[in-house]
Amino acid sequence: MSVNGAVWGRVRSRLRAFPEHLAACGAEASAYGKCVQASTAPGGRLSKDLCVREFEALRSCFAAAVGQEDHDGRLLGRAMGTDALY
């Protein structure tokens, strides 16, 4: 398999697993969606960081579900700032 083919193979496997990982975070996804929906309803106003608490809960849950680690080997699902992703 070529290098490019190997990369696409990994990408495909991650995409196939995405729905299962997201299903593990249904409550967090629902809370984030409700926050965004309420913010964009008539009279609502969506702005940066308006739903940050809900987003961080969803991000943490999803990172824990996929077992994603940062460069120090810590799960990204643990309480960390978003700066730790880079």
Side-chain angles (χ1 to χ4, degrees):
M1 181 181 283
S2 71
V3 173
N4 198 21
V7 170
W8 281 111
R10 287 192 306 268
V11 169
R12 273 191 227 102
S13 69
R14 287 179 186 163
L15 288 175
R16 284 187 193 117
F18 184 80
E20 294 172 22
H21 296 311
L22 188 57
C25 300
E28 291 83 354
S30 178
Y32 179 63
K34 287 177 182 176
C35 180
V36 171
Q37 181 183 19
S39 303
T40 57
R45 185 176 165 147
L46 185 62
S47 61
K48 184 177 188 292
D49 295 337
L50 186 62
C51 299
V52 72
R53 182 178 54 214
E54 292 84 353
F55 176 78
E56 284 299 321
L58 177 58
R59 186 197 63 78
S60 294
C61 179
F62 190 70
V66 298
Q68 190 174 1
E69 297 178 349
D70 67 4
H71 59 278
D72 293 326
R74 295 176 296 193
L75 278 179
L76 289 176
R78 295 188 181 148
M80 294 172 51
T82 55
D83 293 341
L85 291 173
Y86 303 103

Please set out all donor-acceptor pairs under 3.5 angstrom arising from side-chain atoms of residues 38-46, sequence neighbours excluded.
residue	atom	partner	partner atom	Å
Ser39	OG	Cys35	O	2.8
Thr40	OG1	Val36	O	3.1
Thr40	OG1	Gln37	O	3.2

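Aromatic pair Phe55/Phe62: centroids not less than 6.0 angstrom apart.
A continuous path of Ile, Leu, Val, Met, Phe, Trp and Tyr side chains, each step under 4.5 Å between heavy atoms, connects Phe18 with Val66, placing both in one hydrophobic cluster.
Pairing each heavy atom of Ala31 with each of Glu54, the nearest pair is O-CG, 3.9 Å. Among all heavy-atom pairs drawn from Ala24 and Cys61, the shortest one is O-SG, 3.9 Å.
For the atom pair Leu58 CG and Glu56 CD, the distance stands at 9.5 Å (nearest 0.5 Å).
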